[in-house]
Student: 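This structure is in structure tokens; I'll ask about it shortly.
A, B, ... follow the sequence lines: proteins, then strands. Residue 1 opens every chain. Keep in mind it's a predicted model, so treat the numbers as computed, not measured.
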Amino acid sequence: MQKNTRLKGKVWKAGNDIDTDLIIAARYLNTSDPKHLAEHCLEDVFPTLQEEIQAGDILVAGKNFGCGSSREHAPIAIKHAGFSCVIAESFARIFYRNAINIGLPIIVAPQLAKAVKPGWELEVDPVSGLICDLINAKEYQGEPFPPFILEILTSGGLVPYVKKKVKQHG
Amino acid sequence: MGMTVTEKILAAHAGLDKVSPGQLINAKLDIVLANDITGPLAIKEFEKIGVKKVFDKDKVVLIPDHFAPAKDIPSAQQCLDIKNFSRQQELSNYYEVGRTGIEHCFLPEQGLVVPGDVVIGADSHTCTYGALGAFSTGVGSTDLAVGMAMGEIWFRVPETIKVVLSGKPKNPWVSGKDYILAIIGKIGVDGAQYKTLEICGSAINDLSIEGRLTMANMAIEAGAKNGIIAADEKTEEYVKLRAKRPWKVYKSDPDAHYEQIIEIDVTDLEPQVAFPHLPSNTRAVSQAGNVPIDQVVIGSCTNGRFEDLWQAAEIMKGKKVHPQVRTIVIPGTQEIYLQAVQEGLVKTFIEAGAVVSTPTCGPCLGGYMGILAKGERAIATTNRNFVGRMGHPESEVYLSNPVVAAASAILGRIASPEEVM
Ligand code: SF4
């Protein structure tokens, strides 16, 4: 993710407590190939996702998104399915870390997550957490990241971030 | 102001005298764990970092357990990936099928985790080891890769919720599983999100180490970062027989700060059943109503220990599984399996009409060895009953302790142990 990224896309709306088994079922975890994972992303939540998703679309969910297993396959599936970011009322802890670590922008924005309807167009600044509802021309402020986490995100994820540190310190 | 047990362990591993909730720290790691699903992805990320060797070949543990013995060709490849990496890195803690079992049953049993440790595992139920007074939490594969490379990882110091369980249950069939289901039922699946669940009280002092492992195992089902039960004499007795390293016991200070204190009197608690599709959807077994079942699973990192199998066998001894029901018993490790053979439990299960599998996660995550068809219903001693967790998205999983599962196997519907004893 670049520092001045603006994400724009159509909303897919999911409910509360979407667990990682729903995001990517264990029956598909006999590989970690992102393409294979993306093909089964959220298939029991959005049966038409594969046909209808457009690159850049935005996933909005309720409370506790990504609860359950630690499988990093979940944010990988979401990222490679074409979603540009995930906005939720709240995230489960391991999912939150995993998304940042693989460079998938996520934003905690309870007000927007409650208000938004499927199909709305949003424009998102993942760095400041500012979200614009383009249909109703209304702005929402999501929670901004602490600087340290922002640095991981703008480095492209945890591995590029650590790689940089390893190089600096030899 | 004093510190909680979790804060003390984190401070010690971050080289600090004091830490407080919200603080970002780098903590040194004592054990870094992955399995055949999360390991291959962690290895891929590890290789991108640019270090040649893991930080300590004795502290990285890789266990093939989820789809092992391999259920299909891609799973076999994943198992091979972690085996090859272990060889190449000369890891002392890679265990082939036949010498191990489900990771969270195996590590405590073998003394690989000790009180006072900081442990990360690329598996959400890594929180299990909190039962031994360790700080232990689940992470994803990328965090794990960084842990393997650097031997440390960043944490945000969590706020702590203290849960005090008092009283002695009148119902003899109540166990650690029921305590933790009752807690999750009370606070919800995000009730402890990002936080520590510190569990204590007289009911915990009375509880076996097995029961405590069951409880800490399901801290994640309340969204917690870690669950922790401070080590006591029981813990030290358990650890003494197994530990491969010295350990250190930490306890919360009397003036430690808690975000919240929850008190539960277990005197009148009944065995609990979590209905589909959330572990928080709990009811007392007497309120379950008539729920016919197709399958029973007794096993998993939650309730696949010897005590669990022993209790289930007590219920099933001399009885027959209901003709419409499949019952699958899965000992958590090879050691448990052997003990179950030696003490006649396996005979009891087979005579009752159950199958007994070698250790694996198998059906717990809908992998294999007991997948549910559309519309089928299972009662399981596992930890999650999410939509599709054990098979078809239109199947159902009910969670319970081993004795309720065993009684249900006999009656073909969700049943309490009194009904068959
Ligand atoms: S037994 Fe189930 S919950 Fe435990 S590690 Fe295996 S899949 Fe995960």
Student: Within residues 35-54 of chain A, which residues come under 4.5 Å of chain B, heavy atom to heavy atom?
Tutor: D44(A)
Student: For the residue pair N30(A) and F67(B), what are the closest heavy atoms and their distance?
Tutor: N-CE1, 3.9 Å
Student: Residue by residue, scan residues 8-25 of chain A and write down, ordered by number, those that have a heavy-atom distance under 4.5 Å to chain B; if none do, write 'none'.
Tutor: D17(A), D19(A), D21(A), L22(A)
Student: Identify which part of I73(B) has an atom lying under 4.5 Å from any heavy atom of chain A, answering side chain, backbone, both or neither.
Tutor: neither
Student: Heavy atoms only: give me the nearest G68(A)-F386(B) pair and the separation to one decimal.
Tutor: CA-CE1, 3.8 Å
Student: Which residues, numbered in order, of residues 107-115 of chain A come under 4.5 angstrom of chain B by heavy-atom distance?
Tutor: none
Student: Indicate yes or no: at least one non-hydrogen side-chain atom of R156(B) is less than 4.5 angstrom from one of F148(A).
Tutor: no
Student: Look up atom OG1 in T31(A) and atom CG in L41(B), then write down how far apart they are to the nearest 0.5 Å.
Tutor: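 Answer for the OG1-CG pair, T31(A) versus L41(B), is 9.5 Å.
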Student: Determine the minimum heavy-atom distance between Q193(B) and F91(A), stating which atoms define it.
Tutor: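 Shortest heavy-atom separation between Q193(B) and F91(A) comes out as NE2-O, 3.2 Å.
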Student: Would you say NZ of K186(B) has more than 12 non-hydrogen atoms from neighbouring residues, nucleotides or ligands within 6.0 angstrom?
Tutor: no
Student: Using non-hydrogen atoms and a 4.5 Å limit, figure out which bit of T137(B) sits close to chain A: side chain, backbone, both or neither.
Tutor: side chain
Student: Quick one: of D190(B), D123(B), V387(B), D81(B), who has the most non-hydrogen atom pairs under 4.5 Å with chain A?
Tutor: D190(B)
Student: Side chain of E72(A), backbone of T142(B): donor and acceptor closer than 3.5 Å?
Tutor: yes
Student: Which region of D72(B), side chain (C-beta onward) or backbone (N, CA, C, O), has a non-hydrogen atom less than 4.5 Å from a non-hydrogen atom of chain A, or is it both or neither?
Tutor: side chain
Student: For a quick test of reading the model, state the closest non-hydrogen atom pair linking R71(A) to L365(B) and the distance between them.
Tutor: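 For R71(A) versus L365(B), the nearest heavy atoms are NH2-CD1, 4.4 Å.
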Student: If you look at every heavy atom in R384(B) and S69(A), which pair is closest and at what distance?
Tutor: NH1-N, 3.1 Å
Student: Report which part of I100(A) has an atom under 4.5 Å of a heavy atom belonging to chain B: side chain, backbone, both, or neither.
Tutor: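 Neither part; nothing is under 4.5 Å.
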Student: With sequence neighbours left out, what residues match C79(B) under side-chain contact (heavy atoms from CB on, under 4.5 Å)?
Tutor: D36(B), P64(B), A68(B)
Student: State the CG-OG distance between N35(B) and S70(A), to the nearest 0.5 angstrom.
Tutor: 7.0 Å
Student: May I ask you to name which of D143(B), T126(B), L144(B), I49(B) has the most heavy-atom pairs under 4.5 Å with chain A?
Tutor: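 Between D143(B), T126(B), L144(B), I49(B), the count favours D143(B).
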Student: With chain A, which of G121(B), G50(B), G138(B) has the greatest number of heavy-atom pairs at distances under 4.5 Å?
Tutor: G138(B)
Student: Check the pair E45(B) / L158(A) against side-chain contact (heavy atoms from CB on, under 4.5 Å), numbers first and verdict last.
Tutor: CA-CA 10 Å; E45(B) 295 303 314; L158(A) 187 66; over 6 Å; no
Student: Against chain A, label I37(B) side chain, backbone, both or neither, depending on which of its atoms sit under 4.5 Å from a heavy atom there.
Tutor: both
Student: Would you mind telling me which of K163(A), R27(A), K63(A) has the largest number of heavy-atom pairs within less than 4.5 Å of chain B?
Tutor: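 The candidate making the most pairs under 4.5 Å is K163(A).
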Student: Looking at A149(B), A145(B), A42(B), S141(B), which one has more heavy-atom pairs under 4.5 Å with chain A than the rest?
Tutor: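 Of the candidates given, the most pairs with chain A belong to S141(B).
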Student: By a 4.5 Å heavy-atom criterion (distance strictly below it), what part of L29(A) contacts chain B: side chain, backbone, both, or neither?
Tutor: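 Looking at L29(A), backbone and side chain both touch chain B.
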Student: Who wins among H277(B), K225(B), H125(B) for the most heavy-atom pairs under 4.5 Å with chain A?
Tutor: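 The candidate making the most pairs under 4.5 Å is K225(B).
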Student: Provide the closest heavy-atom pair for G140(B) versus N98(A) in the form atom of the first, atom of the second, distance.
Tutor: CA-OD1, 2.9 Å
Student: Are C67(A) and V189(B) close enough that some pair of their side-chain heavy atoms sits under 4.5 Å apart?
Tutor: no
Student: Select one option (side chain, backbone, both, neither) describing which atoms of I220(B) are under 4.5 Å from chain A's heavy atoms.
Tutor: side chain
Student: Would V146(B) and N101(A) satisfy side-chain contact (heavy atoms from CB on, under 4.5 Å), going step by step from the backbone distance to the final call?
Tutor: CA-CA 10 Å; V146(B) 170; N101(A) 286 347; over 6 Å; no
Student: If you round to the nearest 0.5 Å, how far is CZ of F155(B) from CZ of R97(A)?
Tutor: 6.0 Å
